[in-house]
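Beneath this line is the structure, given in structure tokens, with notes to follow.
Nothing fancy with the numbering, it's 1 onward along the sequence. Everything quoted here is computed from the prediction, not taken from an experiment.
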Amino acid sequence: MRKLLIQNIGTLATPLGSSARGGEAQGAVRMTKNAWVLAEDGVIAQAGEGTPPAAADAQVLDAGGNLVTPGLVDAHTHLIFGGWRQNELGLKLHGKSYLEIQNAGGGIQSTTNATRLASVEELARKAERALDEMMSFGTTTCEAKSGYGLATEHELKALQVIRDLDRRHPMDIVATFMGAHLVPAEYKERREEYVRLVCEEMLPLVREQGIAKFCDVFCEADTFTVEESRRILEAGKRYGLTPKIHADEIEAIGGSQLAGEVEAISAEHLIVCPQEGIDSMAKGGTVACLLPATSFYLGADFAPAKQFQQAGVPVAMATDFNPGSCPCLNIQLVINLGCLKYRFTPEEVLTAVTLNAAAAIGMADKVGTVEPGKQADLVLWDAPDLDYICYRMGSNLVRQVIKKGSPV
């Protein structure tokens, strides 16, 4: 039996349970002083305080009196893409909007062109480097979307890369099919045909190959309407894929209301989410997956995090790593912004990037807390307490990442 004992933990900070926490419960984090954690064969066997148990043949890690938390969960990434879009930075600095750049042939379509040209091997090498960097910042589980292929062959290619990376990389990766990221250029005058392609060709093949867990759609002005989004998400449900939705990032056209109506597991962005959308999500049991680094990068408003909390909607936070609107892999920056811009407490932020993020990708029964029976994914921090990692900015404070009971 493979054993790992982490001892001399100054503070063990963790939310509890296997479901998302909203409202005041989001800030309910257990703080255990002078703690220890024992993992056996990659699973947490025991956790407690005071003198640790005798654990013969265990590898022993000394936390040095510092903070330990669950491994962080990045619930929203666009991991698989070809090329980069650094050329758009100057356009943004000269006042061009996201939609203006997209409609001029940049944006998602530009990345689509590069992704279609990239081989499976090229996409995998690039994504693997990104996963290594994410893990260095404390992320141990992530979601990864397709959505830059926008053709059957290339959407399947992206999802196959995700599947293969999940099998060989230490990171747990949950795949989301997002063929409805944008109507590609060749279908601009035939958008109904593209919606049918997604529903009638792509989705059956995704189900047949078993290469995605979720179906996502970008419900936004100049991408997919509410009714188109509804058709795609309902089709995804028929093929066993749980709905997710990009909603209310730029204009509130009804995406957040739709999220609740289709009982999406999560709705993403939500920068301009109206109260009607918040109420619908509360009724539908939808997690609000907020992306503060994207707001920061675009100079946009920040999502109304406190309004979600007041309505009892659980809030998760994620990086939104992508080549255009947020080329950021550092979930510690997300933690900082959650406190500074959403005015969340350190405890609420921790839940947002652990338990609630795990719930937003259907993994809360396995990861997101430090409790017996959960996977032994932990972060040992170069920090005395939880406040410190929220307070410090610009430094990587991770001392050691533990994945499935093994240091990485």
Side-chain angles (χ1 to χ4, degrees), residues 76-85 88 98-120 122-124 126-127 143-163 175-209 211-233 235-236 239 241 243-247 249-250 255 268-269 320-327:
H76 181 127
T77 81
H78 297 264
L79 181 68
I80 309 299
F81 58 87
W84 291 96
R85 302 215 306 262
E88 293 180 7
Y98 179 88
L99 291 179
E100 285 174 330
I101 293 171
Q102 179 173 285
N103 292 335
I108 295 169
Q109 184 62 51
S110 172
T111 299
T112 294
N113 297 339
T115 303
R116 290 176 176 178
L117 291 172
S119 68
V120 166
E122 289 168 335
L123 293 173
K126 183 176 190 176
E143 182 256 19
K145 304 177 191 294
S146 69
Y148 288 119
L150 304 184
T152 303
E153 171 192 356
H154 299 291
E155 285 295 299
L156 295 176
K157 175 176 72 174
L159 291 170
Q160 288 159 1
V161 169
I162 295 169
R163 177 197 60 196
T176 295
F177 165 67
M178 198 175 178
H181 199 183
L182 183 75
V183 177
E186 64 269 27
Y187 282 93
K188 279 296 185 186
E189 306 303 321
R190 299 178 292 142
R191 58 183 301 119
E192 170 63 24
E193 189 176 334
Y194 185 71
V195 172
R196 288 202 306 271
L197 180 73
V198 171
C199 294
E200 299 174 13
E201 181 174 298
M202 293 186 191
L203 278 167
L205 289 170
V206 170
R207 171 59 184 270
E208 180 182 308
Q209 296 185 22
I211 49 178
K213 186 173 183 178
F214 301 106
C215 177
D216 201 343
V217 59
F218 193 3
C219 181
E220 186 59 72
D222 293 333
T223 51
F224 292 90
T225 67
V226 169
E227 287 312 310
E228 289 168 341
S229 299
R230 187 189 302 274
R231 285 176 56 192
I232 292 163
L233 295 177
Y239 288 104
L241 300 183
K244 286 179 171 285
I245 184 168
H246 283 52
E249 179 182 8
I250 302 168
E268 330 286 302
H269 287 288
D320 190 25
F321 171 63
N322 72 80
S325 61
C326 194

Exercise for review: For atom CZ of Arg207, decide whether the heavy atoms of other residues, nucleotides or ligands shown that lie under 6.0 angstrom number more than 12.
Suggested key: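 Counting neighbours around CZ of Arg207, 12 or fewer heavy atoms of other residues, nucleotides or ligands fall under 6.0 Å, so no.
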Short question: side chain of [X], backbone of [Y] - any donor-acceptor pair under 3.5 Å?
| X | Y | result |
| --- | --- | --- |
| Glu143 | Ala175 | no |
| Thr223 | Leu182 | no |
| Lys244 | Met178 | no |
| Gln160 | Ile211 | no |
| Thr152 | Met202 | no |

Can you find a heavy atom in the side chain of [X] that is under 4.5 Å from one in the side chain of [Y]?
| X | Y | result |
| --- | --- | --- |
| Val195 | Phe224 | yes |
| Cys215 | Tyr239 | no |
| Lys126 | Phe81 | yes |
| Lys157 | Val120 | yes |
| His78 | His181 | yes |
| Glu220 | His246 | no |

Minimum heavy-atom distance between [X] and [Y], given as atom pair plus value:
| X | Y | result |
| --- | --- | --- |
| Ser146 | Ala158 | CB-CB, 4.0 Å |
| Trp84 | Pro327 | CZ3-CB, 4.4 Å |
| Leu159 | Thr176 | CD2-O, 3.8 Å |
| Pro243 | Leu233 | CB-CD2, 4.1 Å |
| Gln209 | Leu156 | NE2-CD1, 3.8 Å |
| Thr115 | Gly82 | OG1-N, 2.9 Å |

Check your understanding: Parallel, tilted or perpendicular: which fits the ring planes of His269 and His76, with parallel below 30° and perpendicular above 60°?
Key ->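 The rings of His269 and His76 stand perpendicular, inter-plane angle above 60°.
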Practice item. Indicate yes or no: does Glu227 engage Arg230 in a salt bridge with an N to O separation below 4.0 Å. Key: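 Salt bridge: yes.
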**Study point:** Test: Arg196 and Glu192 ion pair at under 4.0 Å
**Key:**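 Salt bridge: yes.
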To the nearest 0.5 angstrom, please state how far the [atom1] atom of [X] sits from the [atom2] atom of [Y].
| X | Y | atom1 | atom2 | answer |
| --- | --- | --- | --- | --- |
| Tyr187 | Leu150 | OH | CG | 10.5 Å |
| Ile80 | Asn322 | CD1 | CG | 13.0 Å |
| Thr77 | Lys145 | OG1 | NZ | 7.5 Å |

Review point. Only one of Ile232, Val198, Ile162 forms a side chain to side chain contact (heavy atoms under 4.5 Å, CB included) with Phe177, so which one is it?
Key: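 The side chain to side chain contact (heavy atoms under 4.5 Å, CB included) with Phe177 is passed solely by Val198 among Ile232, Val198, Ile162.
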Check your understanding: How far apart are the C-alpha atoms of Leu205 and Glu201, what are their side-chain angles, what is the distance that settles it, and do they pass the side-chain contact (heavy atoms from CB on, under 4.5 Å) test?
Key -> CA-CA 7 Å; Leu205 289 170; Glu201 181 174 298; 4.2 Å; yes
Check your understanding: Among Glu153, Glu155, Glu186, which one satisfies salt bridge (Lys or Arg N to Asp or Glu O under 4.0 Å) with Arg116?
Key ->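 That would be Glu186.
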Review point. What residues form a salt bridge (Lys or Arg N to Asp or Glu O under 4.0 Å) with Glu193, not counting sequence neighbours?
Key: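 By the salt bridge (Lys or Arg N to Asp or Glu O under 4.0 Å) rule, Glu193 matches Arg190.
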